[in-house]
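Structure first, commentary second.
Read the numbers this way: they start at 1 and go in the same order the structure lists the ligands and their atoms.
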Amino acid sequence: MKTIITYGTYDLFHYGHVRLFQRLKAMGDKLIVGVSTDEFNALKGKAAFFNYQQRAEMVAACKYVDVVIPETHWQQKPKDIVALDVDIFGMGDDWQGKFDYLGTLCQVIYLGRTEAISTTEIKTNLAMP
Ligand code: C2G
């Protein structure tokens, strides 16, 4: 059983997130997704449109996702990796290099972001007159 983990806010859940989950799940058997709580989002300087429960519900409904856990602080990743017996930690490559320190605990990979879609772009486009 190969277990993969990733973390994020996933506000205005979109196909860029889905394609990340699709590629991560294809690397193993079980995909765990840490969804940032509203409190942690505030620490990240992000204000999500949907609250944690709503974002977690949408991520959990994705067919590539097996388990959803709350992401409450930056330092939980090593504990999660050990406690959940994670083999691969994966993120989009806007995080390239930022989590290499986890390489002592599991394989660390960064996947190409899906072009031309982001929560910020959605919000900007919707706000345009
Ligand atoms: N992503 C992607 N393609 C996009 C948009 C996002 O692959 N077009 C990926 C990002 O690279 C990230 C994940 O989707 O791996 C979630 O992105 P966000 O919801 O923006 O999460 P972020 O603010 O990057 O928080 O501890 C890690 C943080 O919680 C990550």
Side-chain angles (χ1 to χ4, degrees):
M1 161 79 81
K2 184 171 277 191
T3 300
I4 306 107
I5 199 166
T6 190
Y7 298 80
T9 298
Y10 311 109
D11 193 26
L12 305 188
F13 194 49
H14 57 67
Y15 62 89
H17 301 134
V18 173
R19 291 181 188 175
L20 177 74
F21 294 161
Q22 183 178 19
R23 286 174 289 161
L24 289 172
K25 181 61 182 288
M27 295 178 172
D29 310 288
K30 181 179 174 185
L31 175 59
I32 302 169
V33 180
V35 176
S36 309
T37 60
D38 298 325
E39 297 75 13
F40 183 54
N41 263 345
L43 285 179
K44 293 197 291 186
K46 285 186 126 176
F49 177 80
F50 289 117
N51 67 33
Y52 169 75
Q53 287 300 336
Q54 294 162 332
R55 290 180 286 111
E57 180 180 342
M58 286 185 263
V59 169
C62 178
K63 71 178 185 179
Y64 302 113
V65 177
D66 298 288
V67 177
V68 172
I69 61 171
E71 181 187 28
T72 57
H73 56 290
W74 290 110
Q75 303 78 13
Q76 74 181 76
K77 296 182 178 71
K79 283 180 285 188
D80 291 345
I81 287 166
V82 172
L84 300 170
D85 196 19
V86 169
D87 300 286
I88 301 172
F89 168 90
M91 293 295 290
D93 60 6
D94 48 315
W95 290 93
Q96 185 72 42
K98 297 290 194 308
F99 298 109
D100 290 356
Y101 69 94
L102 296 171
T104 56
L105 299 170
C106 65
Q107 184 185 353
V108 176
I109 55 159
Y110 302 96
L111 299 175
R113 276 175 69 94
T114 299
E115 297 298 320
I117 181 75
S118 71
T119 304
T120 306
E121 281 174 273
I122 295 170
K123 288 178 178 175
T124 305
N125 291 340
L126 287 176
M128 281 191 308

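- Using a non-hydrogen distance threshold of 4.0 Å, Ser118 does not register as a contact of ligand 1.
- In this structure, Lys77 fails the cation-pi test against Phe89, since its NZ or CZ atom is not both closer than 6.0 Å to the six-membered ring centre and inside 45 degrees of the ring normal.
- When each of Ile32, Val33, Leu84 is paired with Val67, the side chain to side chain contact (heavy atoms under 4.5 Å, CB included) condition holds for Ile32 and for no other.
- Residue contact check for ligand 1: Arg19 places no non-hydrogen atom closer than 4.0 Å to it.
- Checking only distances, Thr9 does come within under 3.5 Å of ligand 1, N or O to N or O.
- Every atom of ligand 1 with a heavy atom of Gly92 under 4.0 Å away is listed here by number and element: 11 (O), 15 (O).
- Within the structure, the closest approach of His14 to ligand 1 falls below 4.0 Å when heavy atoms are considered.
- Each of the following atoms of ligand 1 lies closer than 4.0 Å to a heavy atom of Tyr10: 13 (C), 16 (C), 19 (O).
- Taking distance alone, with nitrogen or oxygen atoms compared against 3.5 Å, Arg23 stays at or beyond that limit from ligand 1.
- Between Asp11 and ligand 1, no pair of N/O atoms sits closer than 3.5 Å.
- Using a cutoff of 4.0 Å between basic side-chain nitrogens and carboxylate oxygens, Asp11 and Lys46 are not scored as salt-bridged.
- The residues Arg55 and Asp38 are annotated as salt-bridged, a charged nitrogen and a carboxylate oxygen being separated by less than 4.0 angstrom.
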What verdict does the salt bridge (Lys or Arg N to Asp or Glu O under 4.0 Å) test give for Asp94 and Arg113, after you've listed the backbone C-alpha separation in whole Å, the side-chain angles of each residue and the deciding distance to 0.1 Å? CA-CA 7 Å; Asp94 48 315; Arg113 276 175 69 94; 3.2 Å; yes
